[in-house]
A.B. asks: 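So that we are looking at the same thing, I have put the structure below in structure tokens.
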Amino acid sequence: MSAKKDSMLIIEKEINDLKKSPLYEYRTTNKYFPVIGEGSHNAKIMFVGEAPGRNEAKTGKPFCGAAGKVLDKLLDHVNIARDSIYITNIVKDRPPENRDPTPREIEVYGPFLDRQIEIMKPRVIVALGRYSMGYIMEKFGLGDQLEPIGKAHGKVYATKSSYGEIDIVTLYHPCMAVYNPNNLNNLKKDMEVLKKYE
Ligand code: URA
């Protein structure tokens, strides 16, 4: 087994046993799974969503419900194969009723995302939605450039990570086109910023 896979499995085990999480009891009562992430551990591009929804918690796979169908369309639009990237979330367990993640949940799960980034060393992180954008931009020292997602969508921020250059791309969350399919074309247009990483 590869060293990256080993390290990811350690993270998976820790999250499985994460009794201190405010979402642990909700997960176990509902027989849900935590969603660790999916895709290539060698991917150049890591997508970071917000938190699993119901379909994701039932299967343990990220973006496999309605928002995932939108994400698949966006990836198709720029010819990026889903298995060539890595997809994860900041919060690894489903918040009840798909409510927004709380600051405490982000504080509990954020360090696991930090470790996943250190393991994979992606060249590009695509932050989906305002929570992911806020966390990732703060983490990479871009907090002073934070804007509302309505302004930041489709932007690329070149910065430095512990392992070298990294680009942070901020996009609307795909659920925008679940609530209103008319948004799909705008999401597709923003997605085109990823073409330069082909
Ligand atoms: N929304 C997210 O942010 N992540 C998922 O995995 C699914 C829906």
Side-chain angles (χ1 to χ4, degrees), residues 1-28 32-53 56-57 59-64 67-68 71 80 82-95 100-143 146 156-171 173 194 197:
M1 213 184 301
S2 78
K4 288 185 182 181
K5 194 163 183 193
D6 279 351
S7 306
M8 288 289 197
L9 281 174
I10 292 170
I11 290 176
E12 182 170 349
K13 187 170 175 345
E14 285 180 34
I15 295 175
N16 259 314
D17 297 339
L18 197 65
K19 298 193 179 59
K20 73 167 185 187
S21 165
L23 298 172
Y24 180 83
E25 199 182 320
Y26 180 66
R27 182 220 297 164
T28 48
Y32 285 153
F33 293 101
V35 178
I36 311 302
E38 185 181 59
S40 166
H41 295 154
N42 296 315
K44 185 162 78 175
I45 309 180
M46 175 189 263
F47 280 68
V48 180
E50 189 174 300
E56 288 79 18
T59 57
K61 292 182 185 303
F63 284 96
C64 64
L71 181 59
I80 294 178
R82 190 163 158 144
D83 61 7
S84 73
I85 58 172
Y86 189 78
I87 308 178
T88 186
N89 290 297
I90 318 179
V91 171
K92 313 294 193 194
D93 280 300
R94 181 191 180 206
D100 290 342
T102 64
R104 173 70 187 143
E105 287 158 7
I106 292 175
E107 181 183 289
V108 166
Y109 291 95
F112 293 103
L113 175 62
D114 296 347
R115 281 163 62 189
Q116 289 177 304
I117 292 169
E118 280 305 314
I119 292 165
M120 284 190 44
K121 305 192 185 345
R123 176 67 184 81
V124 185
I125 295 183
V126 182
L128 299 172
R130 64 198 165 108
Y131 288 95
S132 177
M133 173 183 77
Y135 185 83
I136 296 289
M137 286 189 65
E138 291 285 354
K139 174 178 165 60
F140 288 101
L142 299 166
L146 262 173
V156 180
Y157 303 83
T159 187
K160 291 258 182 307
S161 67
S162 60
Y163 52 86
E165 291 179 355
I166 187 164
D167 286 356
I168 308 302
V169 177
T170 48
L171 297 182
H173 194 284
L194 295 183
Y197 302 111

A.B. asks: Is there a side-chain contact between Pro52 and Lys92 in this structure, where contact means two heavy atoms from C-beta onward sitting under 4.5 Å apart?
C.D. replies: no
A.B. asks: Output a table of donor-acceptor pairs, distance under 3.5 Å, between side-chain atoms of residues 34-48 and any protein atom two or more places apart or on a different chain; print 'none' if there are none.
C.D. replies:
unit_1 : atom_1 : unit_2 : atom_2 : d
Glu38  : OE1    : Arg82  : NH2    : 3.4
Ser40  : OG     : Asn42  : N      : 3.0
Ser40  : OG     : Ala43  : N      : 3.3
Asn42  : OD1    : Lys4   : NZ     : 2.9
Lys44  : NZ     : Tyr197 : O      : 2.6

A.B. asks: Please name all residues satisfying side-chain contact (heavy atoms from CB on, under 4.5 Å) with Ser7, sequence neighbours left out, ordered by chain then number.
C.D. replies: Ile119
A.B. asks: Between CG of Leu71 and SG of Cys64, what distance do you get to the nearest 0.5 Å?
C.D. replies: 11.5 Å
A.B. asks: Checking Leu128 against Glu50 for the side-chain contact (heavy atoms from CB on, under 4.5 Å) test, could you report, in this order, the C-alpha distance in whole Å, the side-chain angles of both residues, the deciding distance, and whether it holds?
C.D. replies: CA-CA 7 Å; Leu128 299 172; Glu50 189 174 300; over 6 Å; no
A.B. asks: Minimum heavy-atom separation for Gly49 to Ser132, with atom names?
C.D. replies: O-CB, 3.8 Å
A.B. asks: Run the salt bridge (Lys or Arg N to Asp or Glu O under 4.0 Å) test against Arg104 and tell me which residues pass, sequence neighbours left out.
C.D. replies: Glu107
A.B. asks: Identify the two heavy atoms, one from Val91 and one from Pro101, that lie closest to each other, and give their separation to 0.1 Å.
C.D. replies: CG2-CB, 3.8 Å
A.B. asks: For a side-chain contact (heavy atoms from CB on, under 4.5 Å) check, start with the C-alpha distance between Ile80 and Leu194, then their side-chain angles and the critical distance, and finish with the verdict.
C.D. replies: CA-CA 9 Å; Ile80 294 178; Leu194 295 183; 4.0 Å; yes
A.B. asks: side-chain contact (heavy atoms from CB on, under 4.5 Å) between Thr170 and Val126: does it pass, once the steps are laid out?
C.D. replies: CA-CA 6 Å; Thr170 48; Val126 182; over 6 Å; no
A.B. asks: How would you list, by chain and number, every residue that makes a side chain to side chain donor-acceptor pair (under 3.5 Å) with Tyr109, sequence neighbours excluded?
C.D. replies: Ser21, Asp93
A.B. asks: For Glu165, give me all partners under side-chain contact (heavy atoms from CB on, under 4.5 Å), at least two apart in sequence or on another chain.
C.D. replies: Arg123, Lys160
A.B. asks: For Glu14 and Ile11, indicate whether the former's side chain and the latter's backbone hold a donor-acceptor pair under 3.5 Å.
C.D. replies: no
A.B. asks: Do Val124 and Ile166 make a side-chain contact, defined as non-hydrogen atoms from C-beta onward lying under 4.5 Å apart?
C.D. replies: no
A.B. asks: Could you grab the distance from atom CG of Asn89 to atom CD of Gln116, nearest 0.5 Å is fine?
C.D. replies: 9.5 Å
A.B. asks: Taking side chain to side chain donor-acceptor pair (under 3.5 Å) as the test, write out the residues that go with Glu12, two or more places apart.
C.D. replies: none
A.B. asks: Please round to the nearest 0.5 Å and tell me the distance separating atom CG of Asp100 and atom CZ of Arg130.
C.D. replies: 5.0 Å
A.B. asks: Taking it one step at a time, do Arg94 and Leu23 satisfy side-chain contact (heavy atoms from CB on, under 4.5 Å)?
C.D. replies: CA-CA 7 Å; Arg94 181 191 180 206; Leu23 298 172; over 6 Å; no
A.B. asks: Please check this pair: side chain of Thr28 against backbone of Glu25, looking for a donor-acceptor N/O pair closer than 3.5 Å.
C.D. replies: yes
A.B. asks: Closest heavy-atom contact between Asn16 and Tyr24?
C.D. replies: O-CE1, 3.4 Å
A.B. asks: Apply ring pair (Phe, Tyr, Trp, His ring centres under 6.0 Å) to Phe33 and list each qualifying residue two or more places apart in sequence or on a separate chain.
C.D. replies: none
A.B. asks: Supply the atom-to-atom distance Ser161 OG to Lys121 NZ, rounded to the nearest 0.5 angstrom.
C.D. replies: 8.0 Å
A.B. asks: Residues in side chain to side chain donor-acceptor pair (under 3.5 Å) with Tyr157, at least two apart?
C.D. replies: none
A.B. asks: Roughly how far, to the nearest 0.5 Å, is the OH atom of Tyr86 from the CD1 atom of Ile117?
C.D. replies: 11.0 Å
A.B. asks: Tyr135 side chain to Ile106 main-chain N or O, any donor-acceptor pair under 3.5 Å?
C.D. replies: no
A.B. asks: Would you find a donor on one side and an acceptor on the other, under 3.5 Å apart, between the side chain of Lys13 and the backbone of Ile10?
C.D. replies: no
A.B. asks: With sequence neighbours excluded, what pairs up with Glu138 under the side chain to side chain donor-acceptor pair (under 3.5 Å) test?
C.D. replies: none
A.B. asks: Tyr32 and Arg27: side-chain donor and acceptor closer than 3.5 Å?
C.D. replies: no
A.B. asks: So with a 6.0 Å cut-off around NZ of Lys139, is the heavy-atom count from everything else above 12?
C.D. replies: yes
A.B. asks: What distance separates Met120 CE from Tyr163 OH, expressed to the nearest 0.5 Å?
C.D. replies: 8.5 Å
A.B. asks: By ring pair (Phe, Tyr, Trp, His ring centres under 6.0 Å), which residues pair with Tyr131, not counting sequence neighbours?
C.D. replies: none
A.B. asks: Is the closest side-chain heavy-atom distance between Thr88 and Leu113 below 4.5 Å?
C.D. replies: yes
